[in-house]
Amino acid sequence: MKQFAYFSATLLFYSIASILGFVMLFSIGAYLEYKFGFQIPFVDSIEGGGKVHVPLVGLHVNVPFNASILLMCLSMLYYGVYFYVFKMFLGVFIKKNMFEASSVKYLRLFLKLNLIPLLYIIVFVGAIFVKGADFRLQDDYFIVLAHLTIAFLVYLYLEVLSKGKHIKDENDLTI
């Protein structure tokens with residue numbers, strides 16, 4: 001079962017990375033088509049932006065040509081790294097000896113990656129209050145709750161793994 005989870009996470013990472021890479025590449029293509037009139041496949045120009053069509057998946061991504069494209073690319077890059085570290089996190093479980101420094105390192109990194117959306121939402125909500133706009137509870141906030149739940153569970157597992165590593169290191173020093 002552990003190997004299946006790791007294989008699934010690996011497959012998920014490569015699928016997500018392929019889709020995100022395709023969207024990022026063709027988002028740049030959409031901008032080039034909009035700005036210079038190039039004809040780029042899988043891209044349609046619409047008013048104020050472009051639309052990228054991802055084949056085989058049936059995904060259509062609207063690409064704005066303003067500052068939010070930077071936020072879109074950063075979030076795609078974040079989730080690419082996130083799923084890579086998730087794959088490495090599940091790789092800890094299939095190791096023969098899981099009480100190693102590299103295992104603790106990947107778990108700490110996965111914990112920190114799950115806290116980044118919380119910082120994003122705090123800054124985003126702070127900007128809403130500074131602008132004086134009305135605060136509305138949207139679906140975007142619930143993904144932060146999922147990340148916080150994952151972070152809490154990873155934290156608990158990290159504590160157990162750290163204590164197990166400490167005991168293993170002390171045991172290795174015993175004659």
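If you're wondering where the values come from, they're calculated on a predicted model, not measured in any experiment. When reading the values below, keep in mind they use all heavy atoms of this one structure, side chains included, and skip hydrogens, waters and symmetry mates.
Val43 has its side chain out of reach of Leu32: every pair of non-hydrogen atoms, C-beta onward, lies at least 4.5 Å apart. Between Val54 and Phe42 there is no side-chain heavy-atom pair separated by less than 4.5 Å. By the 4.5 Å heavy-atom criterion applied to side chains, Tyr157 and Leu153 are not counted as neighbours. Annotation: side chain of Arg108 is in contact with side chain of Ser162 (closest heavy-atom distance under 4.5 Å). In this structure the side chain of Met24 never reaches within 4.5 angstrom of the side chain of Ile28, judged on heavy atoms.
Ring centroid separation for the pair Phe86 and Phe110 comes in under the 6.0 Å cut-off. The aromatic ring centres of Tyr84 and Phe13 sit less than 6.0 Å apart.
Heavy-atom minimum distance, Met88 versus Tyr106: CE-OH, 3.4 Å. Between Ala5 and Leu90, the closest heavy-atom pair is O-CD1, 3.6 Å. Considering all non-hydrogen atoms of both residues, Leu107 and Val154 come closest at O-CG1, 3.6 Å. Closest of all the heavy-atom pairs between Val144 and Leu118 is CG1-CA, 3.9 Å. The minimum heavy-atom distance linking Gly50 with Ala30 is given by the pair CA-CB, 4.4 Å.
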Report the C-alpha distance between Lys112 and Ile116 in whole Å, list the side-chain angles of each, state the deciding distance to 0.1 Å, and finish with yes or no for side chain to side chain contact (heavy atoms under 4.5 Å, CB included). CA-CA 7 Å; Lys112 290 173 186 175; Ile116 289 175; 5.9 Å; no

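At most 12 non-hydrogen atoms from other residues, nucleotides or ligands lie less than 6.0 angstrom from OH of Tyr155.
Residues Leu11 and Val85 do not share a hydrophobic cluster, clusters being chains of Ile/Leu/Val/Met/Phe/Trp/Tyr side chains in contact below 4.5 Å. Taken together through direct or relayed side-chain contacts under 4.5 Å among Ile, Leu, Val, Met, Phe, Trp and Tyr, Ile94 and Phe7 form parts of separate hydrophobic clusters. Residue Leu20 is grouped with residue Leu25 when hydrophobic side chains (ILVMFWY) are merged at heavy-atom distances under 4.5 angstrom, including chains of intermediate members. Both Leu59 and Ile40 sit in one connected hydrophobic cluster of ILVMFWY residues. Membership requires side-chain heavy atoms under 4.5 Å apart, directly or through other members.
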Return all side-chain donor-acceptor pairs below 3.5 angstrom for residues 69-83, not counting sequence neighbours, or 'none' if the list is empty.
{"residue": "Ser75", "atom": "OG", "partner": "Leu71", "partner atom": "O", "Å": "3.3"}
{"residue": "Ser75", "atom": "OG", "partner": "Met72", "partner atom": "O", "Å": "2.8"}
{"residue": "Tyr78", "atom": "OH", "partner": "Leu113", "partner atom": "O", "Å": "2.4"}
{"residue": "Tyr79", "atom": "OH", "partner": "His147", "partner atom": "NE2", "Å": "2.9"}
{"residue": "Tyr82", "atom": "OH", "partner": "Asn114", "partner atom": "OD1", "Å": "2.9"}

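Only one option out of Val61, Val52, Val63 pairs with Phe26 in a side chain to side chain contact (heavy atoms under 4.5 Å, CB included); it is Val52. Of the candidates His60, Lys51, His53, His53 is the only one forming a side-chain hydrogen bond (donor to acceptor under 3.5 Å, both in side chains) with Asp44.
Separation of atoms CG (Leu161) and CG (Leu156) is listed at 12.5 Å; rounding is to 0.5 Å. Taking CD1 from Ile150 and CG from Leu145, the interatomic distance works out to 10.0 Å, rounded to the nearest 0.5 Å.
Remark: Ile167 engages no residue in a side chain to side chain contact (heavy atoms under 4.5 Å, CB included) (not counting sequence neighbours).
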